[in-house]
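Structure, as structure tokens:
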Amino acid sequence: MKLAAAASALLLSVGGANSYTFLPSQSVSSLGIRSCSHRAAASASTSLSMSTETPRKEEYLKQQREIIAKKPIAKKPVSSEPPPKEEYLKKQRETIAKKPDYLRGAGVFKSVKTGVTQSMREQFDSDMMNDMKKSPNYMMEKNGVEFYLARDHGFCWGVERSINLAYSAVETFPDRMVHITNELIHNPMVNDRLHSKNVNFIAKDEENNKDFSQINEGDVVMLPAFGATLDEMKELDVKGVKVVDTTCPWVAKVWNTIHTHQVRGLTSVIHGKYAHEETMATKSMAECYVCVKNLDEAEYVADFILTAVEGDGRAEEFMAKFGKAASAHFDPHKHLQRIGLANQTTMYKQETRAIGQLFQRTVMKKFGPDKINDHYYEFDTICDATQVRQDAVDLLCDMHHDSEQADLDFILVVGGFDSSNTAHLLEIPQERGVRSFHINTADCVGADNTIRHRTVSGDIVEGEKLLLDHYAGGDKLRIGVTSGASTPDKEVQDALGHIMLLNNLRRGNDAGASLPQP
């Protein structure tokens, strides 16, 4: 074959072993090579052509270098993405939770779930409460008492889920030592049931430090509905135990919001009680935080943002007030420039909204309305169950104040004294001027017509008169009824039974009756 017919272009390397540039197609003869039938002649001709081609190569390469030199150097773009996920506390939590001995979710105890669910119904359900729920207005008249039940009350989905997981763990591991790092929920009936199942409640001190020395390899450790701190999760991770995580998904949702704050470089302002189990878990998921328990404390923080200046001594005053409620090395001058709001899931929603509005106004005044998105972020993390229960109590108060309806003698709120969501249910009628009581068990209603109850401020009052000399609404005792998200219906029924019997005694309808003893 003729060399002129075999080659139409020359392939030249110009940028490394894998980078090539093709010269324009040229005939071999145009480069001075003549056809030859012998190899030697062809070789000689090729050598001659390459020697005459060298100037052209050099000229071409020079042109390519000039073209490349004129192109602007591509600068590596500055990334707007957050730092690698490994830097985030959320990544540490997720790494632990993905391990095979970390059990969570409804699917992990399928074999015992049906039996456990039936056992829960038998322990916690109430025929009387179920009958009230079936009535058009959630009202029942019985033994001279009209009961008006809040439309949303009692166990929420998250609490039922936590109890089911805890009971299922006990059933699944009958031969292992089972521990729990705190009360499962704030309800004495449920926690007493776990004690009866020989679950060991981990001892803790006043600062909520847990004694994990009693936990051995192979044991089962349950985390309560409030969650656990990241340090606790890490400590359990290295002990070789099975962890059963019953944390409410709404609590985990708050942790994700805290993570968003970290990604955006914000300080987390947490509306919650800094020593509450849930808030302790939440703040452990934050790099930088400060907790405010109410609107008054939020106003103090807002005033600092607006008026404090370096060197005026306000920072020291701030830390004296919030030292236990803020992250280590917290600098209010630095860390309150950009903030995000989160909250304990059980807080009073109206107060959380008021705090959010306060910080919005504060940031706009400090930095200008156009800069609010740079300095403030808010996402509602009050759980649905908390919101609807608070709304339902508001409706009971509306009924009391409705001139066309009979007044309520009082509203009874049933739930653990340590239960934050139950305590906030009491705040609503108290603020609206409706007589109301928060009790934790039926035994708080005494045979001598007194009641033991918890006030909004947290004080326990003994011996207050319960049934007054005259009914507020005329000829019948009328009571509004609600209960916290961790309160079984059976416990409410027991309390109402005590009140009915007490009312009968007072009216002389059952002179020989006496209240059941604890």
Side-chain angles (χ1 to χ4, degrees), residues 89-90 92-93 95-97 99 101-102 104 162 166 169 176-188 190-192 194-195 198-248 251-252 254-255 258 268 270-293 297 319-330 342-347 416-420 423 458 486:
L89 296 177
K90 181 181 180 180
Q92 299 177 32
R93 171 167 57 92
T95 298
I96 294 172
K99 295 186 177 181
D101 280 337
Y102 195 96
R104 58 177 177 168
S162 293
R176 296 204 194 186
M177 186 65 188
V178 181
H179 310 267
I180 189 166
T181 62
N182 217 316
E183 291 184 336
L184 180 68
I185 57 175
H186 283 146
N187 181 269
V190 174
N191 292 311
D192 287 347
L194 289 175
H195 277 294
N198 297 318
V199 173
N200 176 48
F201 284 64
I202 298 295
K204 60 181 180 179
D205 61 22
E206 293 180 355
E207 299 296 323
N208 204 45
N209 297 308
K210 314 287 175 58
D211 179 14
F212 284 176
S213 63
Q214 56 196 296
I215 299 174
N216 299 309
E217 184 175 355
D219 288 353
V220 176
V221 182
M222 299 188 296
L223 308 184
F226 321 109
T229 68
L230 185 57
D231 284 343
E232 290 172 358
M233 293 173 68
K234 289 178 179 178
E235 188 172 351
L236 294 172
D237 183 47
V238 300
K239 277 187 167 288
V241 300
K242 282 193 179 294
V243 173
V244 179
D245 186 358
T246 80
T247 304
C248 174
V251 174
V254 179
W255 297 349
I258 294 292
S268 295
I270 304 169
H271 177 211
K273 303 166 185 175
Y274 74 86
H276 187 279
E277 296 92 331
E278 180 191 322
T279 301
M280 293 189 74
T282 296
K283 65 188 186 183
S284 78
M285 308 297 172
E287 289 283 3
C288 187
Y289 67 85
V290 62
C291 300
V292 295
K293 68 179 180 181
E297 289 193 352
M319 293 311 298
K321 184 177 181 67
F322 291 101
K324 292 184 177 180
S327 51
H329 312 299
F330 190 86
N343 56 268
Q344 187 179 315
T345 59
T346 56
M347 299 304 283
F417 283 160
D418 292 334
S419 169
S420 176
S486 53

Just so I know, are the side chains of [X] and [Y] near enough to count as touching, which here means a heavy-atom distance under 4.5 Å?
{"X": "L230", "Y": "M285", "value": "yes"}
{"X": "Y274", "Y": "K324", "value": "yes"}
{"X": "I180", "Y": "I202", "value": "no"}
{"X": "V220", "Y": "V241", "value": "no"}
{"X": "I258", "Y": "T282", "value": "yes"}
{"X": "N343", "Y": "V254", "value": "no"}
{"X": "W255", "Y": "T247", "value": "yes"}
{"X": "L223", "Y": "V243", "value": "yes"}

I'd like to know if the side chain of [X] and the backbone of [Y] have a donor-acceptor N/O pair within less than 3.5 Å.
{"X": "N187", "Y": "S486", "answer": "yes"}
{"X": "R176", "Y": "G218", "answer": "yes"}
{"X": "T229", "Y": "A281", "answer": "no"}

- [ ] Measure the spacing between CD of Q92 and OG of S284 and express it to the nearest 0.5 Å.
- [x]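 So the gap between those two atoms works out to 10.0 Å.
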
- [ ] Can you measure from CE (M347) to CD1 (I270) and round to the nearest 0.5 angstrom?
- [x]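 Interatomic distance, M347 CE to I270 CD1, rounded to 0.5 Å: 11.5 Å.
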
Open item on the list: Applying side-chain hydrogen bond (donor to acceptor under 3.5 Å, both in side chains), can you list everything that pairs with S162, at least two apart in sequence or on another chain?
Closed with: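 Expected list: none.
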
Task: Any residue meeting side-chain hydrogen bond (donor to acceptor under 3.5 Å, both in side chains) with T279, in chain and number order, not counting sequence neighbours - done: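 side-chain hydrogen bond (donor to acceptor under 3.5 Å, both in side chains) check on T279 returns Q344.
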
How would you list, by chain and number, every residue that makes a side chain to side chain contact (heavy atoms under 4.5 Å, CB included) with [X], sequence neighbours excluded?
{"X": "D205", "value": "E207, N209"}
{"X": "S327", "value": "C288, Y289, F330"}
{"X": "A166", "value": "L184, L194, M222"}

Exercise: identify the closest heavy-atom pair between [X] and [Y]:
{"X": "S268", "Y": "A286", "value": "OG-CB, 4.3 Å"}
{"X": "M233", "Y": "A228", "value": "SD-O, 4.2 Å"}
{"X": "A225", "Y": "I185", "value": "CB-CG2, 4.0 Å"}
{"X": "N182", "Y": "P224", "value": "CB-CG, 3.7 Å"}

TODO: Scan for salt bridge (Lys or Arg N to Asp or Glu O under 4.0 Å) pairs involving residues 271-283, sequence neighbours excluded, and state none if there are none.
DONE: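 Qualifying pairs: K204-E277.
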
Task: Pairs where residues 223-237 contributes a residue and the test salt bridge (Lys or Arg N to Asp or Glu O under 4.0 Å) is met, not counting sequence neighbours - done: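 Listed by first then second residue: K99-D237, K210-E232.
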
Return the set of residues passing ring-ring contact (aromatic ring centres under 6.0 Å, His included) with [X] (not counting sequence neighbours), or none when no residue passes.
{"X": "F226", "result": "H186, H276"}
{"X": "F212", "result": "none"}
{"X": "Y102", "result": "none"}

TODO: Decide yes or no on side chain to side chain contact (heavy atoms under 4.5 Å, CB included) for F201 and T181, but give the supporting numbers first.
DONE: CA-CA 6 Å; F201 284 64; T181 62; over 6 Å; no

Open item on the list: For R93, I'd like to know if atom CZ has over 12 heavy atoms of other residues, nucleotides or ligands within 6.0 Å.
Closed with: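 For R93, atom CZ is crowded (more than 12 foreign heavy atoms under 6.0 Å).
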
Open item on the list: Considering only residues two or more places apart or on different chains, which pairs with a residue in residues 213-226 satisfy side-chain hydrogen bond (donor to acceptor under 3.5 Å, both in side chains)?
Closed with: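 The answer is H179-D219, N200-Q214, D211-S213.
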
TODO: For K242, enumerate each residue passing the salt bridge (Lys or Arg N to Asp or Glu O under 4.0 Å) test, keeping only those at least two apart in sequence or located in another chain.
DONE: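 Result, salt bridge (Lys or Arg N to Asp or Glu O under 4.0 Å) vs K242: D101.
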
